[in-house]
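Here the structure comes first, spelled out in structure tokens, and everything after it is commentary.
Throughout, protein chains are lettered first and strands after them, A, B, ... in sequence-line order, and every chain is numbered starting at 1.
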Number of protein chains: 2
Amino acid sequence: MPQTLRIDLDRSSPVPLYHQVATAIDAAIEDGRMQPGEFLENEVALAARLGISRPTARQALQDLVERGRLVRQRGVGTHVAPARVRRPVELTSLHDDLSKTGRKPSTEVLERRAVPASAEVAEALEVPEGSEVVMIRRLRMADGEPLAVLTNYLPPDIAPSAEDLASNGLYDLLRARGAKPKVARQRIGARSATAAEARVLEEKPRAALLTMERTAYDDNGHGIEFGQHIYRASRYMFDTMLFAS
Amino acid sequence: MPQTLRIDLDRSSPVPLYHQVATAIDAAIEDGRMQPGEFLENEVALAARLGISRPTARQALQDLVERGRLVRQRGVGTHVAPARVRRPVELTSLHDDLSKTGRKPSTEVLERRAVPASAEVAEALEVPEGSEVVMIRRLRMADGEPLAVLTNYLPPDIAPSAEDLASNGLYDLLRARGAKPKVARQRIGARSATAAEARVLEEKPRAALLTMERTAYDDNGHGIEFGQHIYRASRYMFDTMLFAS
DNA sequence: GTCAATCCTTTGTCCTGACATTTGAACATC
DNA sequence: GATGTTCAAATGTCAGGACAAAGGATTGAC
């Protein structure tokens, strides 16, 4: 009892056909029209019904498999993956994260100024040590409660203004400036809060904090952002999905 | 000045051609025969030279792009990705992690017994609440120093013995029993150590600890392992790569 | 009834061929 | 010399076909 999904294709659109198909199926999974475990038509039938070639249909399905939405088994068919394995690892900023989970993010820019690059910053951003970079320190709040202190270092030519940062996520602003983060290396650790940190975050002195250090790169591998952040462990966890190779 | 790589193909092998090609190129990148930024031949030439079709060559290159080894640009060509964006996110156990970075892992099994499943464990492993599961608690050490206390819950039929656990990684043992972890959801947080935890880990009381909670699934989405772990923040960090969608 | 062999369905791999789109450089023009 | 145009090179998209391999169900033999 395979589900035949209605999919409208626009052959004059610049969006590739396989992507239109993938998006349509993904949407059906997302809004519940297709349930976990439910089988799709086989790919030959799908291609015939939509008037596309089998490779095109395959490419659409393959994309969804790689994103963890579908599971395929040779000789069996293609079915929707269980809901709990569907969430992807993604490179997002905390601002986007909070919006998606329904909490109201707000930001207070504590500091924004030019500083000489430390060795660590210089290496991440590929600039000479001691050259000028912009340091931004923000207090991130969720529903009015302090959540994290975010410290970012950026090359001067793409660093957003303090005003922009008050209402927009950093990554959105970077993208608007043409710097598109594609990959990031992230290191998560923990330590006790200093007195000053505890005060800003409204925690007790020496409370456990989560620390995160991240370098973001564009797709040519050039560093575009380096950040050292601290989070209130009592209010925040990092939630990721891992895949076996 | 594109690099022409010598690649031997075995058409009688059960290993797909595109995979043979991808593996060969990957090996060349890994051992330095191809340097970051260096261009490959264009895909048409590559296909012709190897005597394979262009789609097959493309599939090999596409695989490497998805793994972050290569970067492609339409109208330009295909080149090797910068070294620092190459490391993948992978689902590994701490045992494998330590071996790879050259530290000597050792394990002490503190406890191994059957316990009734708590609500949390029951949900992760898809068993009735209160049914019997095996709880394993291990002290993980690196170079003789305590590093983490790992607490795992497993279905009784795949739970390894205490003896096996003393010298092997948990994931290796699970794989040998036919339970292949494919995806895992992982939550990383922090908190202060209790007195007992501090004692075991040789930390000061109330020292900051990293906590990690992980549920691993096979490719049908069935839970095969649930773990709650604590790490010495002074000796360990989680290091991951993230990719933008 | 049990077990093995066979067949069908479905995805996996591989081929050939064609046109579209993007990029960068060479070229011509003003 | 600056600027716009054209062109070649490279990857992206799409079509249609063929055979292989795996899994499940059916069938047959004992």
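- Spacing between atom CZ of A/Arg72 and atom P of D/dG23 amounts to 15 Å, rounded to whole angstrom units.
- Contact check for B/Met34 versus B/Val80: side-chain heavy atoms found under the 4.5 Å cut-off.
- One N or O on the side chain of A/Arg112 and one on the backbone of A/Pro160 form a donor-acceptor pair closer than 3.5 Å.
- If you check C/dT11, D/dC14, C/dC14 against the side chain of A/Ser53, the one that comes closest is D/dC14.
- With rounding to whole Å, A/Glu66 atom CD is found 11 Å from C/dG12 atom P.
- Going from atom NE2 of A/His19 over to atom OG1 of A/Thr56 covers 14.0 Å, rounded to the nearest 0.5 Å.
- Of the candidate nucleotides D/dA15, C/dT11, C/dC14, D/dA15 has the atom nearest to the side chain of A/Ile52.
- Atom pair B/Glu43:CD and D/dT13:C1' shows a separation of 11 Å (rounding to whole Å applied).
- One finds no side-chain N or O of B/Arg58 lying less than 4.0 angstrom from the OP1 or OP2 phosphate oxygen of D/dC14.
- Computed from coordinates, the B/Gln59 CD to C/dG12 P distance equals 10 Å when rounded to whole Å.
- Rounded to whole angstrom, the span from the NE2 atom of B/His79 across to the C1' atom of D/dA10 amounts to 14 Å.
- Within the nucleic acid shown, A/Leu61 has no heavy atom closer than 4.0 Å to any nucleic acid atom.
- When each of A/Gly77 and A/Pro55 is assigned the nucleotide of DNA chain C bearing its nearest heavy atom, the one mapping closer to the 5' terminus is A/Gly77.
- The side chain of A/Tyr18 contributes no N or O atom lying less than 4.0 Å from OP1 or OP2 of D/dC14.
- Put simply, CG on A/Asp10 is 16 Å from C1' on D/dC14, counting in whole angstrom units.
- Across the interface with DNA chain D, nearest-nucleotide mapping of A/Gly75 and A/His19 shows A/His19 to be the residue nearer the 5′ end.
- Taking a cutoff of 4.0 Å between a charged side-chain nitrogen and a carboxylate oxygen, A/Glu43 and A/Arg72 qualify as a salt bridge.
- Separating the CG atom of B/Leu50 from the C1' atom of C/dC15 is a distance of 15 Å, rounded to the nearest angstrom.
- Of all nucleotides listed (C/dC14, D/dT11, C/dT10), D/dT11 comes nearest to the side chain of B/Arg74.
- Interface remark: the A/Arg54 side chain does form a donor-acceptor pair with the C/dG12 base, using a distance-only criterion of under 3.5 Å.
- Distances were taken from every side-chain heavy atom of A/Val76 (C-beta onward) to each of D/dG24, D/dG12, D/dA15; the shortest belongs to D/dG24.
- Taking 4.0 Å as the cut-off between side-chain N and carboxylate O, A/Arg67 and A/Asp26 count as a salt-bridged pair.
- Between B/Thr56 and C/dT13 there is no side-chain N or O to OP1 or OP2 distance below 4.0 Å.
- The distance between atom CG of B/Leu17 and atom P of D/dA20, rounded to the nearest whole Å, is 14 Å.
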